[in-house]
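Take a look at the structure set out below.
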Amino acid sequence: MAGYKPVSIQTYPVLGEKITQDTLYWNNYKTPVQIKEFGAVSKVDFSPQPPYNYAVTASSRIHIYGRYSQEPIKTFSRFKDTAYCATFRQDGQLLVAGSEDGVVQLFDISGRAPLRQFEGHTKAVHTVDFTADKYHVVSGADDYTVKLWDIPNSKEILTFKDHSDYVRCGCASKLNPDLFVTGSYDHTVKMFDARTNKNVLCVEHGQPVESVLLFPSGGLLVSSGGRYVKVWDMLKGGQLLVSLKNHHKTVTCLCLSSSGQRLLSGSLDRKVKVYSTTSYKVVHSFDYATSILSLALSHEDETIVVGMTNGILSVKHRKSEAKKESLSRKRRPAYRTFIKGKIYTKQRDDIMINRPAKKHLEWYDRDLKSFRISKALDRVLEPNCVIKTPEVTVSIIKELNRRGVLANALAGRDEKEITRVLNFLIRNLSQPRFAPVLINAAEIVIDIYLPVIGQSPVVDKKFIVLQGLVEKEIDYQRELLETLGMMDMLFATIRNDSTSLSEHVPAELPEKKTESPCQPGDTDKNS
(Lines give C-alpha, C1' and ligand atoms only; values in the text may rest on other atoms or scores of the structure.)
Protein backbone atom coordinates (compact mmCIF):
# COMPACT_ATOMS: atom_id res chain seq x y z
CA MET A 1 0.00 0.00 0.00
CA ALA A 2 2.97 2.26 0.46
CA GLY A 3 3.37 2.95 -3.26
CA TYR A 4 -0.29 3.18 -4.32
CA LYS A 5 -2.13 6.46 -4.59
CA PRO A 6 -5.98 6.17 -4.51
CA VAL A 7 -7.96 7.46 -7.46
CA SER A 8 -9.09 11.04 -6.92
CA ILE A 9 -12.81 11.36 -7.54
CA GLN A 10 -13.62 14.64 -9.26
CA THR A 11 -16.51 16.52 -7.71
CA TYR A 12 -19.07 18.44 -9.74
CA PRO A 13 -21.51 21.11 -8.63
CA VAL A 14 -25.03 19.77 -8.23
CA LEU A 15 -27.91 22.02 -9.19
CA GLY A 16 -30.72 21.31 -6.76
CA GLU A 17 -34.34 22.39 -6.80
CA LYS A 18 -35.01 25.73 -5.18
CA ILE A 19 -36.80 25.14 -1.90
CA THR A 20 -39.83 27.40 -1.47
CA GLN A 21 -42.86 27.40 0.79
CA ASP A 22 -44.88 25.84 -2.03
CA THR A 23 -42.32 23.08 -2.43
CA LEU A 24 -42.55 22.23 1.26
CA TYR A 25 -46.35 22.45 1.25
CA TRP A 26 -47.03 20.30 -1.82
CA ASN A 27 -44.30 17.75 -1.03
CA ASN A 28 -45.85 17.12 2.37
CA TYR A 29 -47.93 14.17 1.13
CA LYS A 30 -47.51 10.50 1.90
CA THR A 31 -46.70 7.85 -0.68
CA PRO A 32 -49.72 7.62 -3.02
CA VAL A 33 -52.25 4.84 -2.66
CA GLN A 34 -53.29 3.36 -6.00
CA ILE A 35 -56.78 1.96 -6.59
CA LYS A 36 -57.72 0.11 -9.76
CA GLU A 37 -61.05 1.05 -11.37
CA PHE A 38 -62.98 -0.69 -14.16
CA GLY A 39 -62.19 1.93 -16.78
CA ALA A 40 -60.74 5.38 -17.37
CA VAL A 41 -61.50 7.71 -14.44
CA SER A 42 -63.38 10.59 -16.09
CA LYS A 43 -64.36 12.55 -12.95
CA VAL A 44 -63.48 12.82 -9.26
CA ASP A 45 -65.56 15.03 -6.97
CA PHE A 46 -65.30 15.59 -3.20
CA SER A 47 -68.32 16.09 -0.99
CA PRO A 48 -68.32 19.66 0.42
CA GLN A 49 -69.50 18.37 3.81
CA PRO A 50 -67.87 16.07 6.41
CA PRO A 51 -66.70 13.32 6.27
CA TYR A 52 -65.56 14.58 2.84
CA ASN A 53 -66.11 11.38 0.87
CA TYR A 54 -65.42 11.50 -2.85
CA ALA A 55 -67.24 10.14 -5.89
CA VAL A 56 -65.28 8.44 -8.69
CA THR A 57 -66.86 8.07 -12.13
CA ALA A 58 -65.38 5.24 -14.20
CA SER A 59 -66.98 3.08 -16.87
CA SER A 60 -70.65 2.42 -16.04
CA ARG A 61 -70.30 2.85 -12.27
CA ILE A 62 -69.95 5.54 -9.65
CA HIS A 63 -67.99 4.56 -6.55
CA ILE A 64 -68.12 6.51 -3.28
CA TYR A 65 -64.90 6.27 -1.26
CA GLY A 66 -64.17 7.38 2.27
CA ARG A 67 -61.19 9.65 2.75
CA TYR A 68 -58.95 6.83 3.96
CA SER A 69 -60.70 3.79 2.52
CA GLN A 70 -59.28 1.75 -0.34
CA GLU A 71 -62.58 0.01 -1.03
CA PRO A 72 -65.78 1.78 -2.13
CA ILE A 73 -68.30 2.30 0.67
CA LYS A 74 -71.15 2.65 -1.87
CA THR A 75 -71.63 1.94 -5.55
CA PHE A 76 -74.20 3.30 -8.03
CA SER A 77 -74.43 1.01 -11.04
CA ARG A 78 -77.89 1.76 -12.45
CA PHE A 79 -76.50 2.88 -15.80
CA LYS A 80 -77.16 1.22 -19.14
CA ASP A 81 -73.96 2.63 -20.59
CA THR A 82 -70.95 4.73 -19.57
CA ALA A 83 -71.54 7.18 -16.71
CA TYR A 84 -70.09 10.68 -16.65
CA CYS A 85 -69.36 13.56 -14.27
CA ALA A 86 -70.87 12.49 -10.93
CA THR A 87 -71.15 15.69 -8.85
CA PHE A 88 -72.20 16.29 -5.23
CA ARG A 89 -74.70 18.91 -4.19
CA GLN A 90 -73.54 21.63 -1.78
CA ASP A 91 -75.04 19.82 1.23
CA GLY A 92 -73.46 16.50 0.23
CA GLN A 93 -76.83 14.67 0.32
CA LEU A 94 -77.53 14.34 -3.41
CA LEU A 95 -75.45 13.22 -6.37
CA VAL A 96 -76.17 13.93 -10.05
CA ALA A 97 -74.58 12.18 -13.04
CA GLY A 98 -74.88 12.07 -16.82
CA SER A 99 -74.62 9.04 -19.07
CA GLU A 100 -73.91 7.90 -22.60
CA ASP A 101 -77.61 7.31 -23.31
CA GLY A 102 -78.46 10.99 -22.67
CA VAL A 103 -80.27 10.49 -19.33
CA VAL A 104 -79.41 12.63 -16.29
CA GLN A 105 -79.88 10.72 -13.02
CA LEU A 106 -80.20 12.08 -9.49
CA PHE A 107 -79.23 9.88 -6.52
CA ASP A 108 -79.64 10.09 -2.77
CA ILE A 109 -76.36 9.24 -1.03
CA SER A 110 -78.18 7.02 1.47
CA GLY A 111 -79.99 5.03 -1.23
CA ARG A 112 -79.14 3.16 -4.40
CA ALA A 113 -81.96 3.71 -6.89
CA PRO A 114 -82.15 7.06 -8.71
CA LEU A 115 -84.53 9.63 -7.22
CA ARG A 116 -85.05 11.45 -10.52
CA GLN A 117 -84.35 10.78 -14.18
CA PHE A 118 -84.26 13.72 -16.56
CA GLU A 119 -84.79 12.67 -20.16
CA GLY A 120 -84.45 15.18 -22.97
CA HIS A 121 -80.95 14.97 -24.38
CA THR A 122 -80.52 12.87 -27.50
CA LYS A 123 -76.81 12.16 -27.04
CA ALA A 124 -74.28 11.59 -24.27
CA VAL A 125 -74.37 14.00 -21.31
CA HIS A 126 -70.79 14.87 -20.28
CA THR A 127 -71.34 17.67 -17.79
CA VAL A 128 -73.85 18.24 -14.96
CA ASP A 129 -73.89 20.53 -11.94
CA PHE A 130 -76.21 21.91 -9.25
CA THR A 131 -77.12 25.57 -9.24
CA ALA A 132 -76.53 27.75 -6.18
CA ASP A 133 -80.14 27.40 -4.95
CA LYS A 134 -79.77 23.54 -4.81
CA TYR A 135 -83.10 22.98 -6.62
CA HIS A 136 -81.97 23.01 -10.24
CA VAL A 137 -79.53 21.00 -12.36
CA VAL A 138 -77.61 22.18 -15.41
CA SER A 139 -76.57 19.65 -18.06
CA GLY A 140 -74.59 19.82 -21.31
CA ALA A 141 -74.52 17.12 -23.97
CA ASP A 142 -73.14 16.04 -27.33
CA ASP A 143 -76.38 17.16 -28.99
CA TYR A 144 -74.97 20.74 -28.74
CA THR A 145 -77.60 21.75 -26.15
CA VAL A 146 -77.51 22.99 -22.55
CA LYS A 147 -80.57 22.29 -20.42
CA LEU A 148 -81.80 23.52 -17.04
CA TRP A 149 -83.87 21.05 -15.00
CA ASP A 150 -86.16 21.53 -12.01
CA ILE A 151 -85.55 18.89 -9.32
CA PRO A 152 -88.89 18.96 -7.42
CA ASN A 153 -91.01 18.71 -10.58
CA SER A 154 -88.60 16.60 -12.66
CA LYS A 155 -89.19 18.92 -15.60
CA GLU A 156 -87.09 20.72 -18.14
CA ILE A 157 -87.18 24.49 -17.67
CA LEU A 158 -84.92 25.88 -20.40
CA THR A 159 -82.93 24.70 -23.39
CA PHE A 160 -80.03 26.68 -24.87
CA LYS A 161 -78.85 25.88 -28.41
CA ASP A 162 -76.04 28.42 -28.69
CA HIS A 163 -73.19 25.93 -29.14
CA SER A 164 -72.29 24.42 -32.49
CA ASP A 165 -70.36 21.37 -31.26
CA TYR A 166 -70.16 18.94 -28.32
CA VAL A 167 -70.65 20.49 -24.88
CA ARG A 168 -68.07 18.67 -22.74
CA CYS A 169 -67.66 20.78 -19.59
CA GLY A 170 -69.48 23.28 -17.43
CA CYS A 171 -70.01 24.65 -13.95
CA ALA A 172 -72.61 26.73 -12.11
CA SER A 173 -71.99 29.93 -10.17
CA LYS A 174 -71.74 29.46 -6.39
CA LEU A 175 -73.30 32.88 -5.75
CA ASN A 176 -75.99 33.45 -8.39
CA PRO A 177 -78.50 30.60 -8.98
CA ASP A 178 -79.27 31.90 -12.49
CA LEU A 179 -75.72 31.92 -13.90
CA PHE A 180 -73.78 28.96 -15.29
CA VAL A 181 -70.91 28.46 -17.73
CA THR A 182 -70.31 25.79 -20.37
CA GLY A 183 -67.36 24.94 -22.61
CA SER A 184 -67.65 23.28 -25.99
CA TYR A 185 -65.61 21.72 -28.76
CA ASP A 186 -66.63 24.73 -30.90
CA HIS A 187 -63.71 26.51 -29.12
CA THR A 188 -66.00 28.80 -27.11
CA VAL A 189 -66.90 29.26 -23.45
CA LYS A 190 -70.35 30.75 -22.88
CA MET A 191 -72.12 32.10 -19.83
CA PHE A 192 -75.89 31.65 -19.63
CA ASP A 193 -78.49 33.43 -17.54
CA ALA A 194 -81.64 31.48 -16.69
CA ARG A 195 -83.60 34.74 -16.85
CA THR A 196 -82.91 35.02 -20.59
CA ASN A 197 -83.10 32.63 -23.52
CA LYS A 198 -79.55 33.12 -24.81
CA ASN A 199 -75.98 33.40 -23.62
CA VAL A 200 -74.96 36.67 -21.98
CA LEU A 201 -71.20 36.30 -22.50
CA CYS A 202 -69.00 34.39 -24.94
CA VAL A 203 -65.20 34.08 -25.03
CA GLU A 204 -63.08 32.39 -27.68
CA HIS A 205 -60.62 29.89 -26.22
CA GLY A 206 -59.07 28.92 -29.55
CA GLN A 207 -59.02 25.16 -28.86
CA PRO A 208 -61.67 22.51 -28.04
CA VAL A 209 -62.53 23.30 -24.41
CA GLU A 210 -62.01 20.37 -22.01
CA SER A 211 -62.64 22.02 -18.64
CA VAL A 212 -63.94 25.28 -17.16
CA LEU A 213 -63.74 26.64 -13.63
CA LEU A 214 -65.31 29.65 -11.93
CA PHE A 215 -63.57 31.25 -8.99
CA PRO A 216 -65.71 31.35 -5.80
CA SER A 217 -66.14 35.11 -6.17
CA GLY A 218 -67.47 34.67 -9.71
CA GLY A 219 -65.17 37.37 -11.05
CA LEU A 220 -62.65 35.11 -12.79
CA LEU A 221 -63.17 32.22 -15.19
CA VAL A 222 -60.54 29.61 -16.12
CA SER A 223 -60.77 27.51 -19.28
CA SER A 224 -58.51 24.73 -20.53
CA GLY A 225 -58.21 23.19 -23.96
CA GLY A 226 -55.32 22.06 -26.09
CA ARG A 227 -52.08 22.99 -24.32
CA TYR A 228 -53.50 26.26 -22.99
CA VAL A 229 -54.98 27.36 -19.69
CA LYS A 230 -56.61 30.78 -20.00
CA VAL A 231 -57.92 33.11 -17.30
CA TRP A 232 -60.73 35.55 -18.12
CA ASP A 233 -62.01 38.56 -16.21
CA MET A 234 -65.81 38.27 -16.19
CA LEU A 235 -66.29 41.71 -14.63
CA LYS A 236 -64.62 43.29 -17.66
CA GLY A 237 -66.80 41.53 -20.21
CA GLY A 238 -64.64 38.43 -20.62
CA GLN A 239 -61.28 40.15 -21.05
CA LEU A 240 -58.34 37.72 -21.32
CA LEU A 241 -56.02 38.19 -18.34
CA VAL A 242 -53.38 35.56 -19.00
CA SER A 243 -52.76 32.60 -21.30
CA LEU A 244 -50.63 29.81 -19.81
CA LYS A 245 -48.81 27.22 -21.91
CA ASN A 246 -46.90 25.02 -19.48
CA HIS A 247 -48.11 21.58 -20.59
CA HIS A 248 -46.90 19.57 -23.58
CA LYS A 249 -50.24 17.89 -24.30
CA THR A 250 -53.96 18.56 -23.87
CA VAL A 251 -55.00 19.97 -20.48
CA THR A 252 -57.97 17.87 -19.35
CA CYS A 253 -58.92 19.07 -15.85
CA LEU A 254 -58.75 22.07 -13.51
CA CYS A 255 -59.02 22.45 -9.75
CA LEU A 256 -58.67 25.17 -7.10
CA SER A 257 -57.01 24.76 -3.73
CA SER A 258 -59.08 25.29 -0.59
CA SER A 259 -57.69 28.78 -0.05
CA GLY A 260 -58.24 29.78 -3.68
CA GLN A 261 -54.59 30.92 -3.86
CA ARG A 262 -53.43 28.03 -6.06
CA LEU A 263 -54.76 26.69 -9.35
CA LEU A 264 -54.06 23.08 -10.39
CA SER A 265 -54.19 21.69 -13.92
CA GLY A 266 -53.88 18.07 -15.08
CA SER A 267 -52.86 17.01 -18.57
CA LEU A 268 -52.31 14.08 -20.89
CA ASP A 269 -48.56 14.74 -20.50
CA ARG A 270 -48.84 12.99 -17.10
CA LYS A 271 -48.19 16.13 -15.07
CA VAL A 272 -50.16 18.22 -12.60
CA LYS A 273 -49.05 21.86 -12.50
CA VAL A 274 -49.68 24.16 -9.54
CA TYR A 275 -50.00 27.88 -10.35
CA SER A 276 -50.08 30.90 -8.10
CA THR A 277 -53.31 32.85 -8.69
CA THR A 278 -51.49 36.15 -8.13
CA SER A 279 -48.54 35.78 -10.53
CA TYR A 280 -49.84 32.79 -12.57
CA LYS A 281 -46.40 31.20 -12.46
CA VAL A 282 -45.83 27.48 -11.89
CA VAL A 283 -44.84 27.00 -8.25
CA HIS A 284 -44.86 23.20 -8.16
CA SER A 285 -45.38 20.13 -10.33
CA PHE A 286 -46.44 16.50 -9.77
CA ASP A 287 -45.48 13.60 -12.06
CA TYR A 288 -47.70 10.56 -12.65
CA ALA A 289 -47.35 7.27 -14.49
CA THR A 290 -49.95 7.79 -17.23
CA SER A 291 -52.14 10.48 -18.78
CA ILE A 292 -54.43 12.36 -16.39
CA LEU A 293 -58.17 12.78 -16.96
CA SER A 294 -59.49 14.07 -13.62
CA LEU A 295 -58.26 15.84 -10.52
CA ALA A 296 -59.76 16.86 -7.16
CA LEU A 297 -58.64 18.31 -3.81
CA SER A 298 -60.38 17.70 -0.50
CA HIS A 299 -61.15 20.16 2.28
CA GLU A 300 -58.01 22.01 3.46
CA ASP A 301 -56.03 20.20 0.74
CA GLU A 302 -55.79 17.16 2.99
CA THR A 303 -56.12 14.72 0.08
CA ILE A 304 -55.32 14.99 -3.62
CA VAL A 305 -56.95 12.44 -5.93
CA VAL A 306 -55.96 11.97 -9.57
CA GLY A 307 -57.75 9.74 -12.09
CA MET A 308 -55.87 8.39 -15.09
CA THR A 309 -56.64 6.89 -18.47
CA ASN A 310 -55.56 3.37 -17.47
CA GLY A 311 -58.17 3.21 -14.70
CA ILE A 312 -55.73 3.88 -11.85
CA LEU A 313 -56.85 6.21 -9.08
CA SER A 314 -53.91 7.83 -7.26
CA VAL A 315 -54.72 9.06 -3.74
CA LYS A 316 -52.26 11.12 -1.68
CA HIS A 317 -52.92 12.00 1.95
CA ARG A 318 -51.19 14.84 3.74
CA LYS A 319 -48.74 13.85 6.44
CA SER A 320 -50.02 14.37 9.96
CA GLU A 321 -48.29 17.15 11.82
CA ALA A 322 -49.00 15.76 15.25
CA LYS A 323 -46.07 16.06 17.58
CA LYS A 324 -44.24 12.81 18.17
CA GLU A 325 -44.42 11.57 21.70
CA SER A 326 -41.13 11.94 23.44
CA LEU A 327 -39.87 8.45 24.17
CA SER A 328 -38.01 7.79 27.37
CA ARG A 329 -34.44 7.17 26.35
CA LYS A 330 -31.82 5.27 28.24
CA ARG A 331 -29.29 7.53 29.89
CA ARG A 332 -26.12 7.71 27.84
CA PRO A 333 -22.57 8.62 28.89
CA ALA A 334 -21.88 12.29 29.32
CA TYR A 335 -19.98 14.27 26.70
CA ARG A 336 -16.90 14.48 28.87
CA THR A 337 -16.59 10.69 28.71
CA PHE A 338 -15.88 10.82 24.99
CA ILE A 339 -13.36 13.65 25.10
CA LYS A 340 -11.50 12.35 28.12
CA GLY A 341 -7.78 12.62 27.44
CA LYS A 342 -8.23 14.39 24.09
CA ILE A 343 -7.97 17.88 25.51
CA TYR A 344 -4.85 17.15 27.52
CA THR A 345 -2.30 19.97 27.24
CA LYS A 346 1.24 18.85 26.46
CA GLN A 347 3.81 19.56 29.14
CA ARG A 348 7.43 20.51 28.49
CA ASP A 349 8.94 17.09 29.30
CA ASP A 350 6.19 15.05 27.58
CA ILE A 351 6.84 13.11 24.42
CA MET A 352 3.97 13.13 21.93
CA ILE A 353 3.43 9.88 20.05
CA ASN A 354 1.02 10.16 17.11
CA ARG A 355 -0.78 7.05 16.04
CA PRO A 356 -1.09 7.11 12.24
CA ALA A 357 -4.67 6.89 11.06
CA LYS A 358 -5.36 3.72 9.16
CA LYS A 359 -6.46 4.39 5.60
CA HIS A 360 -8.95 2.06 3.97
CA LEU A 361 -9.06 1.71 0.22
CA GLU A 362 -12.28 1.47 -1.72
CA TRP A 363 -12.96 -1.82 -3.46
CA TYR A 364 -12.22 -0.39 -6.88
CA ASP A 365 -8.91 1.00 -5.55
CA ARG A 366 -8.00 -2.44 -4.23
CA ASP A 367 -8.71 -3.93 -7.65
CA LEU A 368 -6.67 -1.26 -9.42
CA LYS A 369 -3.81 -1.80 -6.97
CA SER A 370 -3.84 -5.50 -7.86
CA PHE A 371 -4.16 -4.70 -11.61
CA ARG A 372 -7.64 -6.26 -11.80
CA ILE A 373 -8.83 -3.60 -14.22
CA SER A 374 -11.94 -5.39 -15.53
CA LYS A 375 -13.06 -6.14 -11.99
CA ALA A 376 -12.60 -2.47 -11.00
CA LEU A 377 -14.72 -1.34 -13.95
CA ASP A 378 -17.40 -3.89 -13.07
CA ARG A 379 -17.62 -2.55 -9.53
CA VAL A 380 -18.29 1.02 -10.62
CA LEU A 381 -20.88 -0.16 -13.20
CA GLU A 382 -23.10 -1.62 -10.48
CA PRO A 383 -26.61 -0.04 -10.56
CA ASN A 384 -26.21 1.53 -7.12
CA CYS A 385 -22.99 3.32 -8.13
CA VAL A 386 -24.18 4.27 -11.62
CA ILE A 387 -27.36 5.94 -10.35
CA LYS A 388 -26.16 7.59 -7.14
CA THR A 389 -22.52 8.43 -7.90
CA PRO A 390 -21.89 8.46 -11.68
CA GLU A 391 -18.87 10.70 -11.11
CA VAL A 392 -17.09 7.72 -9.49
CA THR A 393 -17.66 5.61 -12.61
CA VAL A 394 -16.42 8.41 -14.86
CA SER A 395 -13.33 8.92 -12.69
CA ILE A 396 -12.41 5.21 -12.92
CA ILE A 397 -12.90 5.25 -16.71
CA LYS A 398 -10.67 8.34 -16.86
CA GLU A 399 -8.00 6.63 -14.73
CA LEU A 400 -8.06 3.48 -16.89
CA ASN A 401 -7.71 5.62 -19.99
CA ARG A 402 -4.77 7.47 -18.40
CA ARG A 403 -3.08 4.15 -17.76
CA GLY A 404 -3.79 3.05 -21.35
CA VAL A 405 -5.75 -0.07 -20.30
CA LEU A 406 -9.32 1.09 -20.93
CA ALA A 407 -9.60 -0.98 -24.11
CA ASN A 408 -8.43 -4.09 -22.21
CA ALA A 409 -11.00 -3.45 -19.45
CA LEU A 410 -13.84 -3.07 -21.97
CA ALA A 411 -12.90 -6.05 -24.15
CA GLY A 412 -14.09 -9.62 -23.75
CA ARG A 413 -17.51 -8.86 -22.25
CA ASP A 414 -20.69 -10.88 -22.72
CA GLU A 415 -24.12 -9.51 -23.70
CA LYS A 416 -25.16 -8.60 -20.15
CA GLU A 417 -21.93 -6.77 -19.32
CA ILE A 418 -21.69 -4.78 -22.55
CA THR A 419 -25.37 -3.83 -22.16
CA ARG A 420 -24.54 -2.38 -18.76
CA VAL A 421 -21.71 -0.33 -20.29
CA LEU A 422 -23.95 0.94 -23.11
CA ASN A 423 -26.72 1.86 -20.66
CA PHE A 424 -24.29 4.01 -18.70
CA LEU A 425 -23.09 5.71 -21.89
CA ILE A 426 -26.67 6.38 -23.02
CA ARG A 427 -27.58 7.79 -19.63
CA ASN A 428 -24.64 10.17 -19.22
CA LEU A 429 -23.06 10.85 -22.62
CA SER A 430 -25.03 14.03 -23.21
CA GLN A 431 -24.06 15.59 -19.87
CA PRO A 432 -21.41 18.28 -20.42
CA ARG A 433 -19.48 17.39 -17.26
CA PHE A 434 -18.97 13.76 -18.40
CA ALA A 435 -18.90 14.15 -22.19
CA PRO A 436 -15.09 14.49 -22.74
CA VAL A 437 -14.36 11.20 -20.94
CA LEU A 438 -17.37 9.21 -22.17
CA ILE A 439 -17.04 10.15 -25.86
CA ASN A 440 -13.58 8.56 -25.87
CA ALA A 441 -14.97 5.48 -24.06
CA ALA A 442 -17.82 5.20 -26.59
CA GLU A 443 -15.34 5.28 -29.49
CA ILE A 444 -13.34 2.44 -27.91
CA VAL A 445 -16.51 0.36 -27.34
CA ILE A 446 -17.57 0.84 -30.98
CA ASP A 447 -14.11 -0.12 -32.26
CA ILE A 448 -14.00 -3.28 -30.13
CA TYR A 449 -17.55 -4.58 -30.73
CA LEU A 450 -18.12 -3.43 -34.33
CA PRO A 451 -17.26 -6.90 -35.75
CA VAL A 452 -19.92 -8.63 -33.59
CA ILE A 453 -22.81 -6.28 -34.34
CA GLY A 454 -25.80 -8.28 -35.53
CA GLN A 455 -25.28 -11.25 -33.23
CA SER A 456 -27.34 -9.92 -30.30
CA PRO A 457 -30.61 -7.98 -30.84
CA VAL A 458 -30.34 -6.49 -27.33
CA VAL A 459 -26.88 -5.04 -27.97
CA ASP A 460 -27.91 -3.90 -31.45
CA LYS A 461 -30.86 -2.00 -30.00
CA LYS A 462 -28.59 -0.25 -27.48
CA PHE A 463 -26.18 0.76 -30.25
CA ILE A 464 -29.10 2.23 -32.23
CA VAL A 465 -30.21 4.24 -29.18
CA LEU A 466 -26.64 5.45 -28.68
CA GLN A 467 -26.42 6.42 -32.35
CA GLY A 468 -29.65 8.43 -32.11
CA LEU A 469 -28.39 10.15 -28.96
CA VAL A 470 -25.11 11.13 -30.65
CA GLU A 471 -26.94 12.41 -33.75
CA LYS A 472 -29.28 14.46 -31.60
CA GLU A 473 -26.32 15.92 -29.69
CA ILE A 474 -24.60 16.79 -32.98
CA ASP A 475 -27.74 18.61 -34.13
CA TYR A 476 -27.77 20.59 -30.88
CA GLN A 477 -24.12 21.50 -31.32
CA ARG A 478 -24.74 22.59 -34.92
CA GLU A 479 -27.66 24.79 -33.84
CA LEU A 480 -25.52 26.30 -31.08
CA LEU A 481 -22.72 27.07 -33.54
CA GLU A 482 -25.21 28.72 -35.90
CA THR A 483 -26.55 30.79 -33.02
CA LEU A 484 -23.03 31.79 -31.97
CA GLY A 485 -22.27 32.79 -35.56
CA MET A 486 -25.35 35.01 -35.70
CA MET A 487 -24.49 36.57 -32.35
CA ASP A 488 -20.90 37.26 -33.51
CA MET A 489 -22.25 39.02 -36.61
CA LEU A 490 -24.57 41.12 -34.48
CA PHE A 491 -21.80 42.07 -32.08
CA ALA A 492 -19.44 42.86 -34.96
CA THR A 493 -22.08 45.10 -36.54
CA ILE A 494 -22.62 46.89 -33.24
CA ARG A 495 -18.87 47.45 -32.85
CA ASN A 496 -18.53 48.77 -36.41
CA ASP A 497 -21.45 51.14 -35.90
CA SER A 498 -19.95 52.49 -32.69
CA THR A 499 -16.55 52.91 -34.42
CA SER A 500 -18.01 54.79 -37.38
CA LEU A 501 -19.96 57.03 -35.06
CA SER A 502 -16.83 57.89 -33.12
CA GLU A 503 -15.00 58.74 -36.37
CA HIS A 504 -17.73 61.11 -37.54
CA VAL A 505 -17.89 63.01 -34.28
CA PRO A 506 -16.20 66.45 -34.91
CA ALA A 507 -13.25 67.53 -32.86
CA GLU A 508 -14.00 69.15 -29.59
CA LEU A 509 -15.21 72.66 -30.06
CA PRO A 510 -13.54 75.36 -27.95
CA GLU A 511 -15.45 75.98 -24.86
CA LYS A 512 -17.60 79.05 -25.04
CA LYS A 513 -17.02 81.48 -22.29
CA THR A 514 -20.18 82.07 -20.47
CA GLU A 515 -20.85 85.71 -20.21
CA SER A 516 -21.66 86.73 -16.74
CA PRO A 517 -24.30 89.37 -16.22
CA CYS A 518 -22.91 92.75 -17.16
CA GLN A 519 -21.77 94.85 -14.29
CA PRO A 520 -21.86 98.63 -14.38
CA GLY A 521 -18.10 98.95 -14.70
CA ASP A 522 -17.93 96.66 -17.76
CA THR A 523 -20.65 98.61 -19.46
CA ASP A 524 -18.74 101.81 -19.15
CA LYS A 525 -15.59 100.23 -20.64
CA ASN A 526 -17.42 98.81 -23.63
CA SER A 527 -19.03 102.11 -24.33
Side-chain angles (χ1 to χ4, degrees), residues 40 42-43 84-85 98 123-129 138-146 160-173 179-193 198-256 260 262-283 285 291-295 309:
S42 59
K43 180 68 181 291
Y84 297 112
C85 57
K123 291 187 179 180
V125 178
H126 281 269
T127 175
V128 290
D129 198 6
V138 180
S139 63
D142 286 353
D143 58 6
Y144 310 168
T145 63
V146 178
F160 299 92
K161 300 181 180 180
D162 296 44
H163 285 292
S164 58
D165 208 333
Y166 299 155
V167 181
R168 287 297 175 91
C169 56
C171 62
S173 171
L179 294 180
F180 47 91
V181 177
T182 57
S184 169
Y185 277 11
D186 62 6
H187 300 190
T188 63
V189 178
K190 298 188 177 184
M191 174 174 282
F192 296 94
D193 192 332
K198 61 180 181 179
N199 69 84
V200 294
L201 187 65
C202 177
V203 295
E204 182 72 28
H205 181 81
Q207 300 282 339
V209 183
E210 299 287 349
S211 181
V212 292
L213 176 69
L214 268 175
F215 273 62
S217 63
L220 295 178
L221 169 69
V222 186
S223 62
S224 69
R227 297 170 56 189
Y228 294 90
V229 176
K230 297 187 177 182
V231 184
W232 313 85
D233 191 341
M234 308 306 289
L235 303 180
K236 292 184 179 180
Q239 178 182 344
L240 179 63
L241 287 183
V242 64
S243 179
L244 308 172
K245 190 180 179 182
N246 297 100
H247 287 282
H248 301 295
K249 293 185 179 179
T250 301
V251 183
T252 55
C253 49
L254 298 169
C255 178
L256 267 181
R262 296 293 180 264
L263 173 68
L264 285 76
S265 64
S267 168
L268 295 181
D269 63 3
R270 305 179 299 171
K271 293 184 182 296
V272 172
K273 303 281 186 181
V274 184
Y275 306 88
S276 167
T277 53
T278 54
S279 63
Y280 293 105
K281 293 182 179 179
V282 177
V283 295
S285 179
S291 300
I292 297 168
L293 285 181
S294 53
L295 167 69
T309 54

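Values in this document were obtained by computation on a predicted structure and should not be read as measured data.
Side-chain atoms of S211 do not come within 3.5 Å of backbone N or O of S224 as any donor-acceptor pair. No donor-acceptor pair closer than 3.5 Å links the side chain of K230 to the backbone N or O of L240. A donor-acceptor pair under 3.5 Å links the side-chain atoms of T277 to the main chain of G260, judged by distance alone. T252 places no side-chain N or O within 3.5 Å of a backbone atom of E210 that could act as its donor or acceptor partner. With hydrogens and angles ignored, the 3.5 Å screen pairs a side-chain donor or acceptor of D269 with a backbone N or O of H248. Judged by distance alone, with hydrogens and angles left aside, the side-chain atoms of S267 form a donor-acceptor pair with the main-chain N or O of K249 at under 3.5 Å. A donor-acceptor pair is defined here as one N or O able to donate and one able to accept, closer than 3.5 Å; no such pair exists between the side chain of D193 and the backbone of V200.
Taken to the nearest 0.5 Å, the OG1 atom of T250 stands 13.0 Å off from the CD1 atom of I292. Taking CZ of R168 as the start and OH of Y185 as the end, the distance is 4.5 Å to the nearest 0.5 Å. Atom-to-atom distance recorded for S164:OG and D162:CG is 10.0 Å, nearest 0.5 angstrom. The OG atom of S243 sits 8.0 Å away from atom CH2 of W232, with the distance rounded to the nearest 0.5 Å. For the atom pair CZ (F215) and CG (L221), the distance works out to 9.5 Å, reported to the nearest 0.5 Å.
Aromatic ring orientation, F180 versus F160: perpendicular (interplanar angle above 60°, classes split at 30° and 60°). Ring planes of F192 and H163: perpendicular class, angle over 60° (limits at 30 and 60°).
The side-chain contact (heavy atoms from CB on, under 4.5 Å) test with T182 is passed by exactly one of V167, T127, D129: V167.
Side-chain atoms of V222 and S265, non-hydrogen and from C-beta on, never get closer than 4.5 Å to each other. The shortest distance between side-chain heavy atoms of L254 and V229 falls below 4.5 Å. You'll find the side chain of L263 reaches within 4.5 Å of the side chain of L213, heavy atoms only. Residues V209 and S184 fail the side-chain proximity criterion, which asks for heavy atoms closer than 4.5 Å. Put simply, the side chain of S276 reaches to within 4.5 Å of the side chain of R262, judged on heavy atoms.
Closest of all the heavy-atom pairs between M234 and L220 is CG-C, 4.2 Å. Between L214 and C171, the shortest heavy-atom distance links the atoms N-SG, 3.7 Å. The shortest non-hydrogen separation linking H205 to S223 is ND1-OG, 2.9 Å. For the residue pair D142 and Y166, the shortest heavy atom distance occurs at O-CD2, 3.3 Å. C85 approaches G98 most closely through the heavy-atom pair SG-N, 3.9 Å. Nearest approach of E204 to D186, heavy atoms of both residues: OE2-O, 4.4 Å.
Other residues, nucleotides and ligands contribute over 12 non-hydrogen atoms within 6.0 Å of the OH atom of Y280.
In this view, Y84 and H126 satisfy the ring-ring contact (aromatic ring centres under 6.0 Å, His included) rule, not counting sequence neighbours.
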